[in-house]
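Encoded as structure tokens, the structure appears first; notes follow it.
The structure displayed is predicted, hence computed values, not measured ones. Lettering follows sequence order; numbering is per chain, from 1. Excluded from the calculations below are hydrogen atoms, water molecules and symmetry mates; all remaining heavy atoms, backbone and side chain alike, are included.
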Amino acid sequence: MIPTNVVAILAAAVFCIGVFGLLTQKSALRILISVELVLNAANINFVAFANHYGHADGLVFALFVIAMAAAEAAVGLAIFIHLFRHMHTVDVTKPNELRW
Amino acid sequence: MMRWLDARLPGMLLLAATVLAGFAALVGTWMVQSPWSWGSMAKAGLDLAPWLENLIGFLAVMFGFLVVVAVAIIAGAFTHMVLSQRAAVIGSLLVAVGIFGVMAQAIGATEAFQADGVGEAEDFETLADGLFTTHVIAFEVLGVLLTAAMIGAMVIARPLGSPPDSDNYDTRIDDEELESVQRTSDVDANMEGGS
């Protein structure tokens with residue numbers, strides 16, 4: 001079986017890749033993918049520590065995080081559709097006002 | 001010189017405060033965890049003269065302060081320079097690698113997680129029990145959240161100038177056009193009719 005700290009370091013790496021993507025990417029879709037990476041790093045940690053302690057609560061919360069990520073992706077994509085209709089781009093550096 | 005400073009001062013102050021807080025946290029972590037910290041010195045039986053301890057502490061704090069000031073100035077300069085794209089990528093890479101370094105060090109230093117896990121959590125009965133008894137309130141709240149997100153996504157992604165709140169847009173349409181909107185619900189037709 002894989003030691004827990006190896007899995008935790010994997011989760012840290014995925015989280016940092018997500019943070020890097022959040023800081024560098026300009027396309028809204030890539031930013032959304034980066035947010036998913038961050039959330040799934042948390043999922044890896046949930047599952048790893050659920051296995052470490054033998055509790056199923058971590059798995060339950062991983063399911064909650066997946067559902068919440070789905071809701072967040074739906075709302076995010078809807079906002080991007082709206083953004084594209086107004087600005088004809090999904091480059092997040094282009095819109096500079098909230099009044100649409 | 002002063003004009004761009006005036007225009008960008010709030011953003012630069014915010015950026016500098018963020019960078020300062022981050023580096024203060026990093027320096028604080030380093031000072032607590034480094035082998036040259038005072039706790040480690042005392043543990044190792046290294047009894048320095050008080051003035052030398054003060055000098056080392058002063059130099060460490062000054063070094064951290066200089067790093068913070070330098071990074072804040074550079075980061076503030078990057079906000080208005082043309083080469084900010086490459087600089088932002090490099091800075092972001094540094095931030096990501098720094099976060100990963102701190103996390104990996106903390107994970108590696110925690111001895112409880114070096115061992116294999118218990119590994120009894122892949123029991124589906126326990127999982128269902130947790131989902132539908134212990135955390136059933138959270139489960140139901142999550143259902144409400146998903147429903148609200150679905151409705152919100154539908155409302156946000158609605159075509160422009162749709163009937164329910166067409167007054168909120170600049171593209172005002174009259175009743176005749178409203179009927180055509182309801183018939184076709186074509187985005188381009190709405191744009192032409194409004195403007």
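For residues 31-44 of chain A, heavy-atom neighbours of chain B at less than 4.5 Å comprise no residues at all. Inspection of non-hydrogen atoms places His135(B), Ala138(B), Phe139(B) of residues 132-140 of chain B under 4.5 Å from chain A.
The residue among Ile9(A), Val6(A), Ile17(A) with the most heavy atom pairs within less than 4.5 Å of chain B is Ile9(A).
Heavy atoms of Phe61(A) lying under 4.5 Å from chain B belong exclusively to its side chain. The parts of Leu131(B) that come within reach of chain A are both its backbone and its side chain, each placing non-hydrogen atoms under 4.5 angstrom from that chain.
Looking at Phe46(A) and Asp57(A), their side chains never come closer than 4.5 Å, going by heavy atoms from C-beta outward. Contact annotation: the side chain of Leu23(A) never approaches that of Leu93(B) to less than 4.5 Å [non-hydrogen atoms, C-beta and beyond]. Counting heavy atoms from C-beta on, the side chains of Met154(B) and Met150(B) come closer than 4.5 Å.
Not a single donor-acceptor pair under 3.5 Å links the side chain of Arg30(A) to the backbone N or O of Leu22(A).
Using a 4.5 Å cut-off between side-chain heavy atoms of Ile, Leu, Val, Met, Phe, Trp and Tyr, with links allowed through other members, Phe84(A) and Phe80(A) fall into the same hydrophobic cluster.
Note on ring orientation: taking the six-membered ring where Trp is involved, the planes of His82(A) and His86(A) are tilted (angle from 30° to 60°).
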* Test side chain to side chain contact (heavy atoms under 4.5 Å, CB included) on Asn51(A) and Thr4(A) and set out the steps. => CA-CA 8 Å; Asn51(A) 270 321; Thr4(A) 307; over 6 Å; no

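Between Ala67(A) and Leu146(B) the shortest heavy-atom distance is O-CD2, 3.5 Å.
From Ile107(B), atom CD1 reaches atom CG of Leu10(A) across 10.0 Å, with rounding to the nearest 0.5 Å. To the nearest 0.5 Å, atom CG of residue Leu83(A) and atom NE2 of residue His88(A) are 10.5 Å apart. Here the CG atom belonging to Leu142(B) is positioned 9.5 Å from the CG atom belonging to Leu63(A), to the nearest 0.5 angstrom.
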